[in-house]
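Here the structure comes first, spelled out in structure tokens, and everything after it is commentary.
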Amino acid sequence: MKLEVSDLRCAYGARPVLHGVSIAVDAGECVSVVGANGVGKSTLLNAVAGLVPARAGTVRLDGRDVTARGAPWRVRHGLVLCPEGRHLFPGLTVHENLVVGGIASGARRAAINARVAELTELFPVIGKRRDQAAGTLSGGEQQMVAIGRAMMGRPAVLVLDEPTLGLAPLMVDAVIAAVREIADGGTAVVLAEQNLHASLSVSERGYVLESGRVVLSGTGAELLADSGVVAAYLGADT
Amino acid sequence: MELFTQTLANGVMLGSIYALVAAGLALVFGVMDIPQFAFGAHAMIGGYLTWWVGGETGSYWLGLLVAVAALAALGVITHAAVFDQLRKAPSETLFIAAFGLVMVLQGAAQVIWGPDPRSVEEAVPGSITIAGATITYQRLIIIGVAVALFVGLHLFLTRTLTGLSVRAAAQSRTGAQAVGLRPRAVGLLAMAIGSALAGLAGALLVPISQAYPTVGDPLAIKAFVVIVLAGMGSVNGAVVGGIVLGAVEAFGAAYLSLEWRDAYPVLLLILVLVVRPQGLFGKEAVAWR
């Protein structure tokens, strides 16, 4: 397994948020973490990325326990988070945003520029808007740049937090297609989404989270076919 | 015409000093939200070190280099000892800590060097007459060194990977963490640069203003006015704002009233904030540039 999370527990102060969550993702696999707003998806992903400390449990990368390692170490070793809300550097150009994404890998400028050129094929917006300030792009374009920035260091594990949030349907399709293409390229992808259909349709497997616990897991098709999942955990409108 | 040229030269010289301190303040505020008002006191220490090392070795330039290097180190030490310890504290605590640091540095200067002003000879004595105005070489050195520094700082921030990291961390801490940057290391670098710039300002100014424990107070206030004027966190804005402030102060003193000299920058600040609350170069969505 590329990424194994076992019995992970996290809390904000005295308030527990995750109550022993376990998930696993293999190389080339896209795994969804779905659930309603506030069930602990972002906390799980931030803990996987090293931005939220674990109270108990382990996070393993290629079998190696990285639970005590900080975010910069995890990024250098191939575990990168694309955070909810994108958190681009708004005053930097699209090209500069991507360059910053490659700095932690320790690559030289020429290698970083070569990587930007590679990613332009996957995300044409990078080429079209190269010298435009990232803060001036549309939401969908910003999301493409954010995923591109996360891919700069050729991560083994890409963790995506709500990448389709607030996007128009056409852009949702484009983002989901890009996520599938990244997984097909051999990257292990963890995708947290409220958009049940978009995420499970592109995932091999999925975990349904409720109140900080995994209450159901299965293949994407199984979970999509389970009407109880939709009704009980995600609301009828999803 | 002679008065105008003379005033312009004085304003640009004064503005260059303000801009040096303000650029450091903007850099540190942009990256860490720390109101580092102790940069005025850092400039004071820079002046004393230039006087001391220059006096011992007979070389003003060696004194200046030692002052810049020592202040960069002082910036790192004070950040590690004070601000990094308070990184989870509310902003008012950082504000009080910065003022506490001013008192400690002024007290230390008084104990070490005494209350009497210390004079430093100009690096290059003499003056030149331009358009009827007499400008000392020391003032030209101040303008020249400051311009070179601003160009260097701009190139560093825009052309190097380290500079990009600093700008990125200033715009989104979460984004910087997500891509594996080390916000604390970037913050330390910003503090070292800001403190070194303040030390350089003090070293450049000491042949004109002398060194004494409170010499940095007006600099700290003016630098604060500059970064609010320019838009908090905008380094380029701080450089332009510093020059504008120096010019306003000089022209106000020359053409209106010398007594109101320190009030002109504040009046300008009030005017700008009424018309453009985010500052001249600040943007609501984009804090940098």
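Each chain gets a letter, A, B and so on, in the order the sequences are listed, and its residues count up from 1.
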* Asked: Below 4.0 angstrom, N of the basic side chain to O of the carboxylate: do B/Glu249 and B/Lys222 qualify?
  -> yes
* When the ring planes of B/Phe95 and B/Phe37 are compared, do they come out parallel, tilted or perpendicular, using 30° and 60° as the limits? -> perpendicular
* Presence of salt bridge, A/Glu162 and A/Lys41, under 4.0 angstrom -> yes
* **Test side chain to side chain contact (heavy atoms under 4.5 Å, CB included) applied to A/Val157 and A/Val80, step by step** => CA-CA 6 Å; A/Val157 179; A/Val80 178; over 6 Å; no
* Asked: Hey, are A/Asp65 and A/Thr58 close enough side-chain-wise for a donor-acceptor pair under 3.5 Å?
  -> no
* **Side chain / backbone / both / neither for A/Val99 at chain B, heavy atoms under 4.5 Å** => side chain
* Asked: Hey, which residues of residues 142-150 of chain B are touching chain A, say heavy atoms under 4.5 Å apart?
  -> none
* Relative to chain B, which of A/Arg109, A/Arg76, A/Arg149 shows the most heavy atom pairs under 4.5 Å? -> A/Arg109
* Asked: Within 45° of the axis and under 6.0 Å from the centre of the six-membered ring of A/Phe123, does NZ or CZ of A/Arg129 qualify?
  -> no
* Given B/Leu20, which of B/Leu219, B/Leu200, B/Leu25, B/Leu153 fulfils the side chain to side chain contact (heavy atoms under 4.5 Å, CB included) condition? -> B/Leu200
* Got a salt bridge between B/Arg173 and B/Asp33, using NZ or NE/NH1/NH2 to carboxylate O under 4.0 Å? -> yes
* **Which atoms of A/Leu88 approach chain B - backbone, side chain, both or neither, heavy atom under 4.5 Å** => backbone
* Relative to chain B, which segment of A/Ala107 carries a heavy atom at a distance below 4.5 Å: side chain, backbone, both, or neither? -> backbone
